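Since the structure comes first, as structure tokens, the remarks are kept for the end.
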Amino acid sequence: GDVLEPEDSLIGIGSGGNYALAAARALIDRDDMTAEEIARRALGIAADICVYTNNNIIVEKLEAK
């Protein structure tokens, strides 16, 4: 596999990845939204734009021990 390290802590993968990435970049400086809220909103925007992206979103979280 590949290891990716994005420059701005954001990455978009898949058919609607560029749309989701653009939306996340626009929302990342919002102090009133969590990372999960930003991700969900960005993916929702991508789903509205890209015909190959749907709005069935599953968020997986990594918890630090």
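Because the structure is predicted, anything quoted here is derived from the model rather than measured.
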Looking only at heavy atoms, which two atoms of [X] and [Y] are closest? And how far apart?
X   : Y   : answer
G16 : A46 : O-CB, 3.7 Å
A42 : A20 : CB-O, 3.4 Å
I57 : G44 : CD1-N, 4.1 Å

* Within 6.0 angstrom of D32 CG, more than 12 heavy atoms from elsewhere -> yes
* Asked: Has D48 got more than 12 heavy atoms of other residues, nucleotides or ligands less than 6.0 Å from its CG?
  -> yes
* To do: Please write out which residues are connected to I49 in a hydrophobic cluster, directly or through intermediates, given that two of Ile, Leu, Val, Met, Phe, Trp, Tyr count as joined at side-chain heavy-atom separations below 4.5 angstrom.
  =>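 Besides I49, the cluster holds Y19, I45.
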* To do: Under 4.5 Å between side-chain heavy atoms, chaining through other members, with only Ile, Leu, Val, Met, Phe, Trp and Tyr counted: pull out the rest of the cluster around L10, sorted by chain and number.
  => L21, L27, I28, M33, I38
* **Basic-acidic side-chain contact under 4.0 Å: R41, E37** => no
